[in-house]
Structures are given as structure tokens and as C-alpha cells.
Amino acid sequence: MRNLLASLAVFAAVLSGVPTTLGAQDAIAPAQSATAPAQIASAQLPPEQAPRRLLFVMESGLVSGYSADQLIILRRSFLTALADQDDAPTPIDFGSKPFPSSLADRNRVAQAAGADCWLLVKVSGLGGSPSISVLSYDLLYKLSTLDFTAHRSEGFSMADVYRERWDDVIPAVLKKYPPLAARSYSRGPPAPVTLTIHGVPGTVITGLSAKPLSMDAKGTLAVDLPSPAPYALRAAASGYVPTRASLYLDGETQLTLDQQRSPWLRLDGAFLDGFFPGVAATFSIPALPFFARLGFTSFRAGIAINQDNVTASLPLSQFTLLLGMYLSPEDNPLRWYVGLGPLLRVSLPAGGSLTVDQLIPFGVQVVGGLELPLAGKLRTFLEYTPGWYYTPLPALFVASFGQNNGTFPYINLPPLGAIDIIELRVGLRYAL
Amino acid sequence: VNRLLRGAFLAGATLAAALSLALAGCAPPYIEALDKAAPLIRQMRAVGTIGSVSLGNSQTNTRFLPTKPTAASLGPGDVQSGFLIQDGGGNEYVSFVYTDSSGQAQNSNSQSFSLAGADPNFPLYQYEVAATTTTANLVVFYMNPTTASSNSAQLLTSSASSGSLAVTAGPATLTSYTGGVFSVIGEQVVPTVSGGPDNFRWFCSDGLGNFSQVPTYSLAVPPAVFNTNAVAGAPLAIPAVNRYMYYTTLVRGYAEYFSGGQWVCYDISGAPVILGGIRHRIDALLSTGDLLSTEGGAFTLYDPSGSQLFSVASDGLQFCYEAYIGSTPYVFFSLPMQVAHGNWLFNVYAVPTSSLRSLGG
């Protein structure tokens, strides 16, 4: 299992169908750097395994209670503590040079230093309560491995810093960077390996063979694959979000897919047109691309730049029911959808009672939308929502715009109502 | 690539939002006054929309009295004009709003009437829309609460299709000589059946406890004076004040005045009797014999004996008058609505007088 974890890079696939491979530029040479500190761990390893090579960088945060000299001491303390560990990666000290800010540049620097992974430790906060921000990336598997912050209630004791164990950082580094089989570096001739994939029964796997493969009723699938070699697969099961995975198969025989059930409910927060706020709940049918959405928009507070005032507050609300369909698969980063449904306008005038709006009681809305993931289950979306609005008072409707003002963006179609050609809805959508 | 896609999307969304703000960044079409009055106007027939006209925001207390329809039946769009009344700068301003030949609403020149000396409890001016066949007529009664002898009336007339509002007759002093000096202290317009000219009835007083009721004065020909000579005065056991709200069916009569912080209504059909059930100002005696009050932001209807039938919030709807369409009497209401850019619209509604009692649910 450890080997599998070490060699498998499974990540939430947000790129459509682009397999992740270890190209020539990613090939990492075995540890040969003359500048690397003593390789304490490698001498104790079985001959077929080699320690990882870790470029170590320590920086001070934006607010830091430690001087540059103290930071050097802390850095050396970390390197010493790391070297004391069994099966530890071989550290390569980056020194006090500025570490690039972009991932690509950092990887390049690490690669140039002969490392196959890098670790950035930022010490922030005042001396009495430092925060240790840890960020690490695995060049072999193109995977972000560590991203956390540890908070301490006591400062570093600079007088006996050699006793510092870095227990809130080093164990995590050891876990992420165990020694690897030497062939991970050398990429010897591939040999067939039977990989058994575990997942939801009926899952269809594509990408590993010319034809799609299906899991049996027990949720397993055995497939012979040359190893070592990189692979990319897509696993689709009814009622589950399709999973995309990239892996570097290195003799492993077991793989368990991380499949998530398709959400049946999504919640929106959005702004309509002149930034009138609204919420919506989208109910989906798992395994089908269809959905129904109940929406509510309030015109109590908004911005309306072409009115008499910049802000607008109307005791008007709008309920919408949308029946729609996703045009793109659930695992696509860009999800297009369309929909159609009625809307009802209700009003609660000052001193009056709740009523269906007299001027425009109802309408029909057409929606064309696009979703894009932001973070985790949070997505952002943009919708074009032109609508047809019925008015039983067409003359009053036109006159309500005032003399010589026209009715833009409404196209008036008396006595059938009017079409609003410019309506946009922008917001966030969270899948439960 | 993913970051590029996200960046492109966010940039696009920002651009779209900016475009949305610039192009569609407007409040949706909505008229609050219309929805506020919805419970009442659902029970009425919409007979006209006048406007929009740009009035600005400097004047207040906007009222609209539609021209009386002369058609034998009533349908949508039958009312195309009316008199606009607004307050501002110590005056009331009356103008005429009409739809010109190109379909655009126009607002005529205005006539001003000073509000100096107004009693907060009595209308200083009573505006009565009078029916004639070719012109729109408004009779403006000036009812001085302290000096009844200075009461007057004048007729404002405009062609219903061309605009300008002119003083056709008056101001004529409302006095009568029937054995002494009698001044008009109350008036009532009485619509006639089949499109004929409206009649007026006068309630006169000599200030000494003698009153006279002048039953009919026709507006068939715009007069130079409003002649009220007709009926001799006689003592009536009601207070000898300078101002009464006055209504009569010629069978039953009512005289109402404000005293002690409330309205007191006398039934003067015979020996005067106070109708204890009426505590609001009466604004119309309808052809059904019911009495309608619009005081206090509510429509309150009383039966001929003064018992309250209902009281509902008027919610911005304004009572205009009762008029006959053919042989059917209707009660007309107007709804002034302020819309975008200082523009105003006026909707006119009608309900058969016989159905008015159902307004109260």
C-alpha cells in the first residue's frame, strides 16, 4: 500500500482528458549531487531502494520575529533533525537565496539542484508564538504533497536550538517522501503487471485499453499493464461523479478509485442584472443530466446605474422554476447547461399586502449557463437568462419607462408582453 | 491550462458583469402603486391609462380627475384625458392631461388657486368634473370656511383632444337673494342619465340659522354666473356654521360639518337628526343612496341610514366621481403612479355603483 501511495498521483481532474506523463524534462537523475549534505539514510536502505532528494528552503513570513541570522540557525536545525530520521529524504539546502514564487520556477530550481521534490518552510509570527507554513511538491509524481500551517504557543529556543525536533513538520515530510525503488528513476524496460482496480460495481474505465473496461458486480477489474509506465484513466459509474486519475504504475497490483456520489442538491448565490441578489436550489437526478431549479431573487437592494438613483430598492421579488439539462459531463471543468422555465413576480408594497405583480405577473425564462470549478465543491457560473414577460397592461408597461426613454432592453410585443434580451446572472454554486 | 481557463472565465465573468451593469443595470419594470392598490383594482374595470407626463418632483398631493366619458358603454381606453391637481408653494395647480394626435401624453398650462386661509378639515376647493359632450369641464368651487359670502365658482374648460385649459366662466360669487342674503356653504354635483349635462345642488345659509336647498342647476350652457336664486330659506335646527358638506337625493338630505375633532353628520330629510354612525367626512352621495367617505386613507361606505357597510384601505386609489354610462351608474377611481425619471401615469378604473358594496369583501 505504501508503494501504491507513493507511486500513485490521483488528483481531482479538472483538465479534460490530458494524461499526465513524466516527460523527458521531468526525468530525475539518481542522487549524485556533490553539494548535498551527508546521505545518512541512504546507507541503511535495502539496495533496491533509494532515498528521495529534497530541496529544502526556509524563509521568513511577512511578519516574522526572527532575524536573518536566527533563520539560518533554524534552517540548519531543521536539516539536522531531518538527517537524524530513518528513511529520510536526502536534503539539499537551498540556503538563503530567494526561492521563486511560481510553481514552474520552483520546480525548475529544484530540478537544477538535483532534487526530485522540494519543501518550503516559512516561519512567521512573533517570536513567542511562531507559525510554520509548510508547502511541498513532488516532482516525480507532479503532485502537491504538503500544504499546511502549524502554530506553536512557544517560540524557538535559540540557545539550545540543536534540540529542536521539528515534530510538527518532519513526520509529515517522512510520510510523503519514503524511499523509492531505484527503477523509478532509471525506468528500466517495462514488464506486464496485473493491476486490480477497485471501485463501484459497473464502473466503466477508459484510458487503459483501446476499449472501455467494466468492473464486475463486486466492483473489481483486473487489467494487465506494462510497468513501469504512466497512465491516465477515467472512471464513470452511474450516480457517481466521473473520476479522472493519473498514475505512474511501478509494479503495484492494487488500485482503489476515489469515487464520489453525484450531488443531488446544489445551492446558488448570485446576482442578477443590476446586481440584485438571489438564491437558488438545484435538484439533480443522479445518473441523468437533468435538473430542476427553484430560484428566488429580491429586488430590495441593487445597483441600477441608468435609473434616477444609483441604487434601487423595490419591494419586488421573483420566483423561478427552471427545468434544465447539463450538456457537459460532470467531470468536465467547463460545464455547459441550458434550461427553460416559468417565473412569477410577487410584490409586497409599503403599506400593502403580498400580491402577484400587476404589471408583469409572470414570464418564461430561457437559460444558457456555464460552470467552472473554483475550489472543491464550489463552482462559479455565468448565465444568460433572456426572458419573455407577460403583461396584461401593455400600454402601461410601455408608458412606465417614461416619455422618450424607449423600452430598452425590452422588446415590446403587445399584447403578448415583452422580451428582455439582456439579462445576466453571475454567482457561486455549491454542491452538497 | 486549468488556471488559464479559470482566469479566462473570471475575466469573462467580470467583463460580462460590467456589461450587465452598463447595459442592463436597471431596475426591472415595476409600479409599486399598482400593486399596492391591487386588492381593490382587481374588482374594478380599467378604463384608461393616461401618461406618461413629466411632472418632476417639486409638487405634492397629486390627484387626477378623469374627463367624464360620454360613450354609451365602457371599455378599456375609453378615458384618454383628465384634470391634474397638485399642491406646491401655497397653491393648488390644475392642468389638463390629454393624449395628442400622435399618441403622446401632454400636460397643458396650469391654473393656480391659492390655499391661503384653508381649513385643514374642509377642502378649500371642491373640484367637480362636469359632463358635456364636446369639452372637458371642471368646476372649481371655492368654499371659504370663515367668510361664506366670498364663496365662488368658476368653470375651467378644455377641448378633450387639444389641450389648453381656459377659464370659461367665473369666478362667480355663490350668493342668492331669497328674502335676505344667503351664501352657498355646500354644493353637490348630480350626474344625469344618458349623457346629459350634470346638475348641481346648493346648500345655502344666511348665517343666522336659516338655510335653503337649491335642487337643480344645469350646466348645459357654460354660464357667466352660477345662479343660485331659487328657494326661500327657512330655519333648520343645525349649527349656523359657514361650511357644510352637503348631499341630497331630494328625498333624503345630509349636511355634515367638523366639530370637536370629528365629523358630525345630520340627516336633514325632515327634522335634523344626527347620524351617530358616521364619523368620517362624506365625499359623495351615490345613486344607490349610499354615502362614501374617502377620509383617512380609507374608503368607508355607509347605507342611507348612516350604518357603516365597510371600510377598506384606499391604498393610493382616489375616488373621482359617480357618472352614468348609458343608464348604468359607475363609480370612477384614479390611481396616480410615479414611474421612472419624474414621469407620472394615471390609471382610471370604474365599478358599477350597484357593485360598490362588494368592494368591502
Side-chain angles (χ1 to χ4, degrees), chain A residues 14-15 18 271-276 299 302-308 312-316 318 333-334 345 347-353 355-360 370 372-374 380-382 384 389 391 393 395-397 399-403 405 407-410 418 420 422-426, chain B residues 1-3 5-10 12-39 41-42 46 48-54 57 76-77 103-106 297 313 315-316 335 337-347:
Chain A
V14 290
L15 295 176
V18 180
F271 290 102
L272 174 70
D273 270 0
F275 298 94
F276 293 101
F299 297 95
I303 300 171
I305 59 171
N306 61 354
Q307 300 293 293
D308 298 330
S313 175
L314 306 177
L316 176 70
Q318 181 170 288
L334 299 176
R345 301 203 334 164
S347 165
L348 183 58
S353 52
T355 181
V356 173
D357 182 41
Q358 302 292 294
L359 187 65
I360 300 175
L370 173 64
L372 199 103
L374 277 185
T380 181
F381 66 88
L382 172 65
Y384 175 53
Y389 293 90
T391 175
L393 307 166
L396 188 66
F397 173 79
S400 71
F401 288 82
Q403 278 193 8
N405 291 315
T407 60
F408 184 81
Y410 291 84
D420 183 1
I422 298 182
E423 271 200 47
L424 293 171
R425 193 164 168 264
V426 180
Chain B
V1 174
N2 184 39
R3 288 187 175 181
L5 284 173
R6 288 188 193 182
F9 177 82
L10 290 175
T14 305
L15 182 63
L19 278 174
S20 167
L21 183 66
L23 298 177
C26 59
Y30 174 71
I31 302 175
E32 184 174 1
L34 197 64
D35 285 342
K36 188 175 182 183
I41 63 179
R42 280 198 197 100
T49 295
I50 297 97
S52 64
V53 289
S54 180
N57 300 310
Q104 286 288 312
Q106 303 290 348
D315 287 334
L335 181 66
M337 298 169 286
Q338 186 168 20
V339 291
H341 310 298
N343 286 281
W344 286 75
L345 291 165
F346 307 98
N347 262 12

* Pick from L393(A), L316(A), L348(A), D357(A): which one has the most heavy-atom pairs with chain B under 4.5 Å? -> D357(A)

For [X] against [Y], the heavy-atom pair lying closest together:
X	Y	value
V356(A)	D35(B)	O-OD1, 4.0 Å
L359(A)	L34(B)	N-CD2, 3.8 Å
S400(A)	V339(B)	O-CB, 3.4 Å
G51(B)	A399(A)	O-CB, 4.0 Å

Considering only heavy atoms, which portion of [X] lies under 4.5 Å from any heavy atom of chain B: side chain, backbone, both, or neither?
X	answer
L396(A)	both
F271(A)	neither
R425(A)	neither
F397(A)	side chain
L370(A)	both

* Can you tell if the side chain of F276(A) reaches within under 4.5 Å of the side chain of P28(B), non-hydrogen atoms only? -> yes

* Do the non-hydrogen side-chain atoms of S52(B) and F401(A) ever get within less than 4.5 Å of each other? -> no

* **A37(B), part contacting chain A, at a heavy-atom distance under 4.5 Å** => neither

* Measure T49(B) against the heavy atoms of chain A and call it side chain, backbone, both or neither at under 4.5 Å. => side chain

* When you measure from the side chain of E32(B) to the backbone N and O of A350(A), does any donor-acceptor pair fall under 3.5 Å? -> yes

* To do: Report the option among A38(B), G297(B), P29(B) that has the most heavy-atom pairs separated by less than 4.5 Å from atoms of chain A.
  => P29(B)

* Top of I31(B), V53(B), D315(B) for chain A proximity - count of heavy-atom pairs under 4.5 angstrom -> I31(B)

